[in-house]
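Only one structure is covered here, and it is reproduced in the block below.
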Protein chains: 2
Amino acid sequence: MAASAGVSPATVSRFLNGGRVRQSVAIGRAIDELGFRPSALARSLKSGSTRAIGVVVPDITNPFFAAVVKGIESVTRDDEYDLYLCNTDESVEREHRVVASLMAKKVDGLLMAPATEHAEPPSHLLSTGVPTVFIDRQLAEGDFDSVLVDNEGGAAQAAAHLISLGHERIAMISGPLETTPGRGRYEGFVEALRAAGLELRVEHTAFSDFRASGGYQSMLRLLAVQPQPTAIFVANNLMAMGALRAIHDLGLRIPDDISFLSFDSLDLGELLDPPLTVIDRPMEEQGVLAMRLLLNRMEHRDMGPPRTIRLETKLKVGASCAPPMSTLHKRVRGAAS
Amino acid sequence: MAASAGVSPATVSRFLNGGRVRQSVAIGRAIDELGFRPSALARSLKSGSTRAIGVVVPDITNPFFAAVVKGIESVTRDDEYDLYLCNTDESVEREHRVVASLMAKKVDGLLMAPATEHAEPPSHLLSTGVPTVFIDRQLAEGDFDSVLVDNEGGAAQAAAHLISLGHERIAMISGPLETTPGRGRYEGFVEALRAAGLELRVEHTAFSDFRASGGYQSMLRLLAVQPQPTAIFVANNLMAMGALRAIHDLGLRIPDDISFLSFDSLDLGELLDPPLTVIDRPMEEQGVLAMRLLLNRMEHRDMGPPRTIRLETKLKVGASCAPPMSTLHKRVRGAAS
DNA sequence: GGCTCGTCTGGTATCGATTTCTGTAATCGA
DNA sequence: TCGATTACAGAAATCGATACCAGACGAGCC
């Protein structure tokens, strides 16, 4: 390349980086003619920066993570950084591999959403000093940045709503307790029930995997229990889809036969019959905040203490939750007497 | 690194690549102690291969593309290739940037789903000889591999279904004609109507952008036309979501007020009331086939002529399409006379 | 013992850019 | 016109690995 423009490689380099160069026209022409593209590989090797950010999510088909990614992208100034988006399929093993690979590729920053966090946290991989922000996950050590949602609070809102409607036999499909959102939502829900003098009974609890298929199976199992629960709280959107399908397949009606409440809204939730009542939360915003935080760390050499940002949830009332039948009966009886 | 193990860099390299090395224990220990990870950058620079595949999609929040990605991943033997997943946000400009960046990063292969294909096809970027498979898109030149769905056929199935129910005032929300699926579905639909002696009238046609917001606006506009169409065919899933919302917001009922049929199924489509009738197609499989084709090109040096794989669509009948009211009236009148 | 052969090793060029350092020509003021 | 300053070009080292080549060493054979 340098030769074909009749200059030294150093001059080409200066030209590429916007330095003043007398032969710029000749170089420009040579570039066009040869279809020359500088190798990002060589550039990064020498410069030590790849201008790339790794994004690790457990399941890209989950609309929540898709939205988070969208938020992240909206912050990336276009020419500045590339994103390496990686899917771990909810597998710790794949997460390790993926992170190792990103480190080997020398990304300048890392955004990580949870698979699980027990079982050998990837922190030893992060000791490389690459700025990292966790999304929806908080490591036990607590010395990393996190952007979380108030899982406990949201679950408590859910419990409060169901309790206020008069439910007592309440069931829950929980996510894995090894994840921040799984544990937070479970504990928040249990605690809120307990505070109201209620109990989340073992036979009314299913621990699943945040996936639609798991939600389906769990719902079938919970509905086989007698007496049936009068309300169900599902800990995320995908399991909610599965659970809805199970209820539908069994021919049960919402909310007549069972009240339905989920954490995270569904894409078509408000078009369903009945429109779903959900614990809603900002999704894209979570990506936006995480990315901003990361860029801060990366660019301003922000070395302050680890920060945790916690977003608020909001109860969005549809029509999938109603007082339980038994309450209605009581009321009717009460009115009749 | 080499120094700290007391051997030459060449020996370390051999060790890393599984060659027989006498000092392997010493090297292994040094690696552990230093937390040494070989730089993928340097390795790729020298070897010319990055073991990475670029995947370019227009909108990762579209469940269709999410499913395609999942299919692609399922084929990737885990240790063999990394995926660089890139979102273009349906923008030609971003697509160019993304492809340029992937080329600079020297990916070994490329899977591209469409933004648009007119307006300066990225082929000049592909002249680098990087094996490329297009998904859902066919370049005019036709000298690239493609994995497509039978857009024309699917649209024709849609038309046939609506026609068989007796509809005549049929509307369509089409995607952009500059995309393969946009054009194919539009032309297939128009052609099928014409073959049946019907016409897709201008005021019953909306050209939109494959997005939910576009579908919403388009649906509002089409429903403002008098006389209202009795059936609507929507060219993709996201626009269908928007269109459903519009119908819902206007308080119209499906299929009583309007029959609804879309290309691509919706995640919760069969749980809606009524369950949607859709033109369905294999989604993950499209990713699987594309990836297999790409790996073939990459590894077996398959230099055969460009291949085009075309998947079949399938009409999945729900309950969102019914005979138009006018037909019912006629029938009623016919029966009464 | 001398020879060949096979196994392993270190030295060194290389991938393609950046970066420092030096050298030379151009520019300026006096 | 001269010396000082500026502006730019090229030579060469460098990033961290791989790959080729030549050399060291031990084993086996006549």
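Just so it is clear, the structure is predicted and the values come from calculations on it, not from any experiment. Numbers restart at 1 for each chain; the letters A, B, ... are given by sequence-line order, proteins then strands.
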Between K105(B) (NZ) and dC15(C) (P), how many Å, whole number? 22 Å
Determine the contact category for S13(A): base if any of its heavy atoms lies under 4.0 Å from a base atom, sugar-phosphate if only primed atoms, P, OP1 or OP2 are that close, otherwise nothing. base
In whole angstroms, the gap separating C1' of dG16(D) from NZ of K106(A) amounts to 9 Å
Return the value, rounded to whole Å, for the distance between atom CZ of R43(B) and atom P of dT14(C). 22 Å
L45(B) has an atom CG; how far is it from atom P of dT18(C), in whole Å? 12 Å
Whole angstrom value for the distance that separates P of dT18(D) from CZ of F15(B): 12 Å
Assign each of L16(A) and S47(B) the nucleotide of DNA chain C bearing its closest heavy atom; nearer the 5' end lies the nucleotide of S47(B)
Any side-chain heavy-atom pair of V68(B) and I135(B) under 4.5 Å: yes
Derivation and outcome, side chain to side chain contact (heavy atoms under 4.5 Å, CB included), residues T308(A) and Q138(A): CA-CA 9 Å; T308(A) 296; Q138(A) 194 163 36; 3.1 Å; yes
Any non-hydrogen side-chain atom of D136(B) less than 4.5 Å from a side-chain atom of S146(B)? no
NZ of K46(A) versus C1' of dT18(C): gap in Å, rounded? 6 Å
Output the rounded distance in Å from CG (N17(B)) to C1' (dA17(D)). 9 Å
Side-chain contact test, heavy atoms from C-beta onward, threshold under 4.5 Å: evaluate it for F15(B) versus S24(B) and give yes or no. yes
Using the salt bridge (charged side-chain N to carboxylate O under 4.0 Å, His left out) rule, pick out the option among R137(B), R297(B), R292(B) that qualifies with D145(B). R297(B)
Find the distance L41(B):CG to dT14(C):P and express it as a whole number of Å. 21 Å
Short N/O separations, protein against nucleotides 5-10 of chain C, under 3.5 angstrom:
residue, atom, partner, partner atom, Å
dT9(C), OP1, R22(B), N, 2.9
dG10(C), OP2, S8(B), N, 3.1
dG10(C), OP2, S8(B), OG, 3.2
dG10(C), OP2, T11(B), OG1, 2.4
dG10(C), N7, R14(B), NH2, 3.1

Look at all strands and tell whether S39(A) reaches a base, only sugar-phosphate, or nothing, counting heavy atoms closer than 4.0 Å. sugar-phosphate
Kindly say whether T61(A) contributes a backbone atom to a donor-acceptor pair with the side chain of D59(A) at under 3.5 angstrom? yes
